[in-house]
S.K.: 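There's a structure below that I have some questions on.
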There are 2 protein chains.
Amino acid sequence: MQSFTEENYLKIIYHLSELTNTVQTNAIAEQIQTKPASVTDMIKKLADKGFVDYIKYQGVTLTERGRNAAINIVRKHRLWEVFLVDKLNFRWDEVHEVAEELEHIKSEALIERLDEFLGFPKSDPHGDPIPDKNGRFAKTQFIKLIDLKIGDGGTITGVSQHSSAFLKHLEKLGLTLGKQIQITDVTDFDGSVEILVENKQINISREVAKHILISTNGKN
Amino acid sequence: MQSFTEENYLKIIYHLSELTNTVQTNAIAEQIQTKPASVTDMIKKLADKGFVDYIKYQGVTLTERGRNAAINIVRKHRLWEVFLVDKLNFRWDEVHEVAEELEHIKSEALIERLDEFLGFPKSDPHGDPIPDKNGRFAKTQFIKLIDLKIGDGGTITGVSQHSSAFLKHLEKLGLTLGKQIQITDVTDFDGSVEILVENKQINISREVAKHILISTNGKN
DNA sequence: TAATTTTTTTAGATTTACCTAAAAATAAAA
DNA sequence: TTTTATTTTTAGGTAAATCTAAAAAAATTA
Ligand SMILES: [Mn+2]
Ligand SMILES: [Mn+2]
Ligand SMILES: [Mn+2]
Ligand SMILES: [Mn+2]
């Protein structure tokens, strides 16, 4: 069994692994809000326990064991987020912090019954896929809104930023999961994007457009 | 805010306070599965933080602040137990361990919405009262089954032992919350008790009879 | 009341997860 | 290819929660 802290490291390393093959000490330190020296200590411990492969000065990669542990935590995090939104009427911008705590509750039985209670959901309130009890999940194919061209359209199916501020902003703009959008223009001046959503024309900043994930349905 | 460990101490001290006015170091150590020396350390810390009044060699009592904190943890524990039984179909003997973890989740909003989701239950799966958000709850007036006399009857409304083994045993005997029972005889030999439940005559040991709580409805 | 037992506290260590400051390795720039 | 900058590690230390062994206080028994 892993400690609360070890679980947090594993989860962070897992997420960072999606960006770079081997994960660097400083990247972990930044995510986990700690100092690089502390990360080095913990990495050694995780390596001793067989959760990561570690080469000094080179960074870490998860072992099979570490990956499974990490995916299990992600599964729990996302299931709890669904619970909070679907059953307790939390908004999508309120759930992440609480799920950060709930994801560490140990009981196997709890999570399996929760999954069933929620109807075996396939994705969480932010569009992220929920691994099943064997750790399997659909590798979803998203494209960033910022990478679409004028005339392209699609459905909002995810976000790559989970901060409350960002999610509240999207909510206010009416840009929630499942909404159909189409790119109508890109401003030369600041790179902001004009989009059509529910017959309304709105303008969103480059920064916002970067973090909205679209599953496209054609037009190029 | 208190740590996970501090919360456990407060809760234990609260429960022990129902038995004795001032709570002894050894009693806490036994409950919390630790050594008296460790308890002394923690007690000093809780006293410094204003959660308990402490006189060396005499024991501790909760302050107003400590009592409120403890009741809040008890509230969370019992609400989670209701959730597990009512929503996730756990049996009453399976929930305690998981609730021991869930009771430490910090979010105020979570617990208020959970309470609402469960329909503001007044008691948990073991018949224990659930404090409301202001810490108020009905001081239930129970009598131990062992203290009833032949001919007395009542309703099972609680248990004073939460171990899985005990609860499973009651389940098997058909002695669950809400059942009507009546004492028909007390065996001289071993003090075991004959009771009538759902038109069946069964015999239970003194030990079992000690931990069943009855709200009586007459006959003496 | 004195002797003995029980309870509680102190003293000094240990483990986990941190930290700062300084050294070592690697990467980037000149 | 040096020099400089960045990244990472080591060394040594702190705070929280625990422990064992021994001392001190309180309660019990003789
Ligand atoms: Mn989240
Ligand atoms: Mn999410
Ligand atoms: Mn319980
Ligand atoms: Mn209970």
Side-chain angles (χ1 to χ4, degrees), chain A residues 1-17 19-62 66 69-70 73 100-101 103-104 106, chain B residues 1-17 19-62 66 69-70 73 100-101 103-104 106:
Chain A
M1 250 315 99
Q2 317 99 50
S3 71
F4 189 103
T5 311
E6 286 166 3
E7 289 189 347
N8 281 334
Y9 271 85
L10 289 173
K11 191 183 58 169
I12 295 295
I13 294 168
Y14 171 75
H15 287 311
L16 289 170
S17 298
L19 305 176
T20 57
N21 207 26
T22 112
V23 178
Q24 285 167 298
T25 303
N26 274 358
I28 298 171
E30 193 185 339
Q31 289 292 313
I32 236 153
Q33 305 256 60
T34 188
K35 303 289 162 179
S38 307
V39 173
T40 302
D41 284 349
M42 181 56 77
I43 278 173
K44 283 179 185 164
K45 189 170 158 194
L46 292 174
D48 283 348
K49 292 195 176 189
F51 289 115
V52 298
D53 290 322
Y54 170 50
I55 305 169
K56 251 195 202 179
Y57 292 101
Q58 299 308 125
V60 290
T61 53
L62 290 170
I73 300 157
E100 286 291 306
E101 290 189 57
E103 71 189 5
H104 300 290
K106 291 287 178 298
Chain B
M1 251 314 96
Q2 317 99 51
S3 72
F4 189 102
T5 310
E6 286 166 0
E7 289 190 346
N8 281 334
Y9 272 84
L10 289 173
K11 191 183 57 168
I12 296 295
I13 294 169
Y14 172 75
H15 287 312
L16 289 170
S17 298
L19 305 177
T20 58
N21 206 25
T22 112
V23 178
Q24 284 166 299
T25 304
N26 274 358
I28 299 170
E30 194 185 339
Q31 288 293 313
I32 234 151
Q33 304 255 60
T34 187
K35 304 290 164 180
S38 308
V39 172
T40 301
D41 284 348
M42 180 55 78
I43 278 174
K44 283 180 186 164
K45 190 172 158 193
L46 292 174
D48 283 349
K49 293 195 175 187
F51 289 115
V52 298
D53 289 320
Y54 170 51
I55 305 170
K56 250 195 199 178
Y57 291 102
Q58 300 307 127
V60 291
T61 52
L62 289 171
I73 300 157
E100 286 289 307
E101 289 189 57
E103 70 188 7
H104 300 290
K106 291 284 178 302

S.K.: Between I13(A) and V23(A), what is the shortest heavy-atom contact and its length?
M.R.: O-CG2, 3.8 Å
S.K.: Measure from OH on Y54(B) to P on dT9(C) and round the result to the nearest Å.
M.R.: 3 Å
S.K.: Counting side-chain heavy atoms from CB outward, which of dC18(C), dT9(C), dT9(D) is closest to Y9(A)?
M.R.: dC18(C)
S.K.: Do the charged groups of E7(B) and K106(B) touch, with an N to O distance under 4.0 Å?
M.R.: yes
S.K.: What contact category does S38(A) fall into here, base, sugar-phosphate, or nothing, at under 4.0 angstrom with non-hydrogen atoms?
M.R.: base
S.K.: Of the candidate nucleotides dT18(D), dC19(C), dA11(C), which contains the atom at the shortest distance from the side chain of D41(A)?
M.R.: dC19(C)
S.K.: Select base, sugar-phosphate, or nothing to describe what T5(A) touches, counting heavy atoms under 4.0 Å on all strands.
M.R.: sugar-phosphate
S.K.: Which is true for T40(A) with a 4.0 Å heavy-atom rule: it touches a base, it touches only sugar-phosphate, or it touches nothing?
M.R.: base
S.K.: Applying a 4.0 Å non-hydrogen cut-off, can you work out what T34(B) is touching in the nucleic acid: base, sugar-phosphate, or nothing?
M.R.: sugar-phosphate
S.K.: May I ask you to evaluate whether Q24(B) reaches the phosphate of dT8(C), defined as a side-chain N or O under 4.0 Å from OP1 or OP2?
M.R.: yes
S.K.: Rounded to the nearest Å, what distance is computed from the CD atom of residue E30(A) to the C1' atom of nucleotide dT7(D)?
M.R.: 13 Å
S.K.: Nearest to the side chain of N26(A) - dT10(C), dT18(D), dT8(D)?
M.R.: dT8(D)
S.K.: Starting from P on dT10(C), measure out to NZ on K56(B) and report it in whole angstrom.
M.R.: 4 Å
S.K.: For M42(A) and for A37(A), find the nucleotide of DNA chain C with the closest heavy atom, then tell me which residue's nucleotide is more 5'.
M.R.: M42(A)
S.K.: Between dT8(C), dT26(C), dC19(C), spot the one nearest the side chain of Y57(B), thanks.
M.R.: dT8(C)
S.K.: Check every atom of dT18(D), dT20(C), dT9(C) against the side chain of K35(A) and return the nucleotide holding the closest atom.
M.R.: dT20(C)
S.K.: What does F4(B) touch in the nucleic acid at a heavy-atom separation under 4.0 angstrom: a base, only the sugar-phosphate, or nothing?
M.R.: nothing
S.K.: What is the separation between atom NZ on K44(A) and atom P on dT9(D), rounded to the nearest whole Å?
M.R.: 8 Å
